[in-house]
Engineer: 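The structure under discussion is supplied below as structure tokens; questions concerning it will follow.
Just so we're clear, the structure is a prediction, and the values are computed from it rather than from any experiment. In what follows, chains carry the letters A, B, and so on, assigned in the order in which the sequence lines appear, proteins first and then strands, with residues in each chain numbered from 1.
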There are 2 protein chains.
Amino acid sequence: MVELSTTKDGIANPAEASDRVLQILSEAGRLFATKGYDGTSMRDIAVACGISKSLLYHHFSNKDEIYARVAVGSTLELYLFVRDRIPDGPPSQKIRAFMVATAEYFRRYRWAWIASTTAFWNDPDRHRQKERLTRRDRFEHFLRGLIQEAVDAGEIRKVDVPMTGRLILSSLNWMHRWYNPNKSATPEQIADIFFDMVFNGLRNPALAEPPTVEQPKSSRRKAR
Amino acid sequence: MVELSTTKDGIANPAEASDRVLQILSEAGRLFATKGYDGTSMRDIAVACGISKSLLYHHFSNKDEIYARVAVGSTLELYLFVRDRIPDGPPSQKIRAFMVATAEYFRRYRWAWIASTTAFWNDPDRHRQKERLTRRDRFEHFLRGLIQEAVDAGEIRKVDVPMTGRLILSSLNWMHRWYNPNKSATPEQIADIFFDMVFNGLRNPALAEPPTVEQPKSSRRKAR
DNA sequence: AGCGGGCTTGACCGATCGGTCGGTGAAAAA
DNA sequence: TTTTTCACCGACCGATCGGTCAAGCCCGCT
């Protein structure tokens, strides 16, 4: 797989890159993640790095390129990162490994992850927007494949596969909004807990007659 | 409960408000939701409304106030909105109702919801930041209370209550990133499906020996 | 010593930002 | 009729935006 070097504040990057460039990417990632793309000025980045604004343009052609290096350096290889951490074994365990690996990625490249999942919901750059969606889809379809495997193997019941994928990804993607690196568990442990909850369910197995059987459609709250 | 009038594009507002003000809030909410606070200029809002920029300042004192009216008008009463839709009955059904009600709120006040959950992760306005966190906490603790009820009643197993709350809220809070109002189910139906998955679990009940028993701690992937 | 080239800078640019100001015109109030 | 009120607008402000540029600084090479 592509080699990833871990640097301060977790910028994933191909090997060649000067310390200055890494510093800029690191500070920019943190700023993009906390203040957003539009809320972060080139001056902000320069000041955070203790350099002049002009120097940013010596190393990068414009603001977009810095963001692209932060976000793409983050998301480009997420699919590969996770795929290479899926062990052989029961499909349900692959799903667990998927969740834990994604959580590990989040922990290692936290700011870049947040910057890439937060900013640019609608990217004005059509090409980049399309590429981002392609990567996201590949990642999501990989998960759906694992879920389908588990269904076929009879390990999980016949659920709506895309919806199941969305539930699992939601639990991981929302983590950055409440996760505090100084407290509680590691992201990997949290992913593990979430897997247990979703896979085994919250319902008390000792409960003979579950209060919620397969609910009749008519009982659902109607949309108005 | 507090009276909410439903207007075009779903701005919740106290009764007194001119059509113009509602139009501004509606357009501003949509823009804040899609382009972010910093990515939306006062000119953008004015153009979207087909009025002059000056007129915005006739109705609002500044940009922050427009955002506050959009976001606060959206989140202020979420807790009350949901609380009043929790029926009497088994605690697990209350949790389901909580999820469905939140989804209904999302559907009705979609742009305002997105704007308020997206922008201002770190609000420079300390007072408003504190108030926002207070509301969020009140909402989250209300859910935890329902979960604790269900645990005490023996309907769900002895889980980590805060973590369970985070899992449930994640599934709802992330919905705006993938939900397409033109396709698939209504938010309420999606919430219903998520509840079923989380409550009953994905595991095939026909499976005699689940491949994942309560996993030993040592098998967890260690953080590095 | 002289020199070339990469790192670094401050001064500067046009555009756009949030916000202000004086005024217009029509309807309500007197 | 006169006056007041108020939704509304175009022109404008200082500040800041992303980005440019010519020139210094520094260091190794000849």
Engineer: Roughly, in whole Å, what's the span from CG in B:Asn62 to C1' in D:dC13?
Structural biologist: 17 Å
Engineer: Let me know the distance between CD1 of B:Ile45 and P of C:dT16, rounded to the nearest Å.
Structural biologist: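 Distance check: B:Ile45 CD1 to C:dT16 P gives 17 Å.
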Engineer: In terms of side-chain geometry, is the basic nitrogen of A:Glu65 or A:Arg69 positioned less than 4.0 Å from the acidic oxygen of its partner?
Structural biologist: no
Engineer: Could you check whether A:Arg138 makes a cation-pi contact with A:Phe142, meaning its NZ or CZ is under 6.0 Å from the centre of the six-membered ring and within 45° of the ring axis?
Structural biologist: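 That pair does not qualify as a cation-pi contact.
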Engineer: With B:Arg108 as the cation and B:Phe106 as the aromatic partner, state whether NZ or CZ is under 6.0 Å from the six-membered ring centre and within 45° of the axis.
Structural biologist: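 The answer is no; the distance or angle limit is not met.
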Engineer: I need the NZ-P distance between B:Lys63 and C:dT20, as an integer number of Å.
Structural biologist: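 Interatomic distance, NZ of B:Lys63 to P of C:dT20: 14 Å.
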Engineer: Please list, for nucleotides 5-9 of chain C, all pairs of protein and nucleotide N/O atoms separated by less than 3.5 Å.
Structural biologist:
unit_1	atom_1	unit_2	atom_2	d
C:dC7	OP2	A:His58	NE2	3.3
C:dT8	OP1	A:Arg20	NH1	3.0
C:dT8	OP2	A:Arg20	NH1	3.4
C:dT9	OP2	A:Ser52	N	2.9
C:dT9	OP2	A:Ser52	OG	3.0

Engineer: Validate the cation-pi geometry between A:Lys63 and A:Tyr37: distance from NZ or CZ to the six-membered ring centre under 6.0 Å, angle to the ring axis within 45°.
Structural biologist: yes
Engineer: Starting from C1' on D:dG19, measure out to OH on A:Tyr67 and report it in whole angstrom.
Structural biologist: 21 Å
Engineer: Does a side-chain N or O from B:Arg43 land closer than 4.0 Å to OP1 or OP2 of C:dC17, or not?
Structural biologist: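 For C:dC17, OP1 or OP2 has a side-chain N or O of B:Arg43 closer than 4.0 Å.
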Engineer: Is B:Met197 close to B:Leu202 at the side-chain level, that is, under 4.5 Å between some pair of heavy atoms?
Structural biologist: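 Result yes, sub-4.5 Å side-chain heavy-atom pair found.
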Engineer: Round to a whole Å and report the spacing from CZ of B:Phe60 to P of C:dT20.
Structural biologist: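 Value for this atom pair: 15 Å.
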Engineer: Given atom OH of B:Tyr57 and atom P of D:dA7, what is their separation to the nearest angstrom?
Structural biologist: 18 Å
Engineer: Would you please say whether a donor-acceptor pair under 3.5 Å links the side chains of A:Asp44 and A:Ser41?
Structural biologist: yes
